[in-house]
Amino acid sequence: MRDQVYLPANAAIPFLWLCGPSGVGKSSVGWEVFTQVRAAGVTAAYLDTDQISFCRPEPPDDPDHYALRARNVAALWPNFLAAGARAMIVSGILETPDGVRLFTAAVPGAVVTIVRLRATPVTLQERIFRRGRGGGPPVPGEQEWQGATASRLLALWEDSVATAAALARNRIGDVCIDTDGRSVRDVARAILAQAPGWSHLRGPAAE
């Protein structure tokens, strides 16, 4: 590991939000970015918003749990700072400009960069069906994918493609990264190279 990287105590905290459709690899890539930043000696934090928003049935006025996610991020943010985090990586659903504003407001003192992960419909289908066969990392909340019928997986894929179209239509993302044919490690490297203010946080794994 490199020498510890210190940022001034009053410096704005670089905050990276990874978004994209289901099956694009948000959680896997987010964790890899966190791993590479840690390898650079940076005290960093990682959060998957899907894991802090389980509440069923969904409230009629907050079906995607945007408000719940934002409140939970806002509640955790000062705790991460108090623990010494000098960089924050988050992965989760983020499809609308209102969502961007909501989550940005939840993390005062942060410099937020939204990274949209992209994949072609064919790639998304392959990844979703592979997850349905039990492949890929086990992710809490996605048990419905494993062992699902072909028709159910097809519906999940169609929803994923629609989400990707909505993200493009709403122009979500300060940086867009294509994931087709690339390893998780390579995608994480590309994010750290292209996201403003993150290139100096790359560790040995990104060289």
Legend entry - Interatomic spacing from CZ in F80 to CG in L47 - rounded to 0.5 Å: 5.0 Å
Inset, instruction - Kindly compute the distance separating CD (Q194) from SG (C176), expressed to the nearest 0.5 Å. - result: 10.0 Å
Legend entry - Gap between atom CD1 of I52 and atom CZ of R71 - 0.5 Å precision: 11.0 Å
Legend entry - Exercise: identify the closest heavy-atom pair between A195 and V175: CA-CG2, 4.1 Å
Inset, instruction - Output yes when a side-chain donor or acceptor of W157 lies under 3.5 Å from a complementary backbone atom of R152, and no otherwise. - result: no
Legend entry - Closest heavy-atom pair and its distance - P108, A105: CD-O, 3.8 Å
Legend entry - From CA spacing to verdict: side chain to side chain contact (heavy atoms under 4.5 Å, CB included), L156, L153: CA-CA 5 Å; L156 289 168; L153 292 173; 4.1 Å; yes
Inset, instruction - Flag the pair I89 / W198 as yes when at least one side-chain heavy-atom distance between them is below 4.5 Å, and no otherwise. - result: yes
Legend entry - Pair D174, T113: side-chain N/O donor-acceptor within cut-off below 3.5 Å: no
Inset, instruction - Check whether any side-chain N or O of D186 sits under 3.5 Å from a backbone N or O of R182 as a donor-acceptor pair, and report yes or no. - result: no
Inset, instruction - For residues T179 and A119, report the shortest heavy-atom separation together with the two atoms involved. - result: OG1-CB, 3.6 Å
Inset, instruction - Walk me through it: do I114 and I172 pass the test side chain to side chain contact (heavy atoms under 4.5 Å, CB included)? - result: CA-CA 8 Å; I114 309 297; I172 302 299; 4.1 Å; yes
Inset, instruction - May I ask you to check whether R86 and T43 show a side-chain donor-acceptor distance below 3.5 Å? - result: no
Inset, instruction - Identify whether L102 and L167 are in the same connected component of the hydrophobic contact network (ILVMFWY, side-chain heavy atoms under 4.5 Å). - result: yes
Legend entry - Flag for S183-R189: side-chain donor and acceptor within less than 3.5 Å: no
Legend entry - T123 and D180 side chains, donor-acceptor separation under 3.5 Å: yes
Inset, instruction - Can you measure from CH2 (W77) to CE (M88) and round to the nearest 0.5 angstrom? - result: 6.5 Å
Legend entry - Flag, side chain of K26 to backbone of S91, donor-acceptor distance under 3.5 Å: no
Inset, instruction - Could you state whether F15 and V111 fall into the same hydrophobic cluster, counting links through intermediate Ile, Leu, Val, Met, Phe, Trp or Tyr residues with side-chain heavy atoms under 4.5 angstrom apart? - result: no
Inset, instruction - Check I93 against W17 and note the closest heavy-atom contact, atom names and distance. - result: O-CZ2, 4.0 Å
Legend entry - Donor-acceptor under 3.5 Å (D178 side chain, L117 main chain): no
Legend entry - Exam field: side chain R116 to backbone L18, donor-acceptor pair closer than 3.5 Å: no
Legend entry - Steps toward side chain to side chain contact (heavy atoms under 4.5 Å, CB included) verdict (R127, V24): CA-CA 8 Å; R127 291 175 180 173; V24 80; 4.3 Å; yes
Legend entry - Approximate separation, where rounding is to 0.5 Å, of Q36 CD and L192 CG: 5.5 Å
Inset, instruction - May I have the step-by-step check of side chain to side chain contact (heavy atoms under 4.5 Å, CB included) for V100 and T104, ending in yes or no? - result: CA-CA 6 Å; V100 172; T104 300; 4.0 Å; yes
Inset, instruction - Keeping the roles fixed (side chain from S160, backbone from P21), state whether a donor-acceptor pair exists under 3.5 Å. - result: no
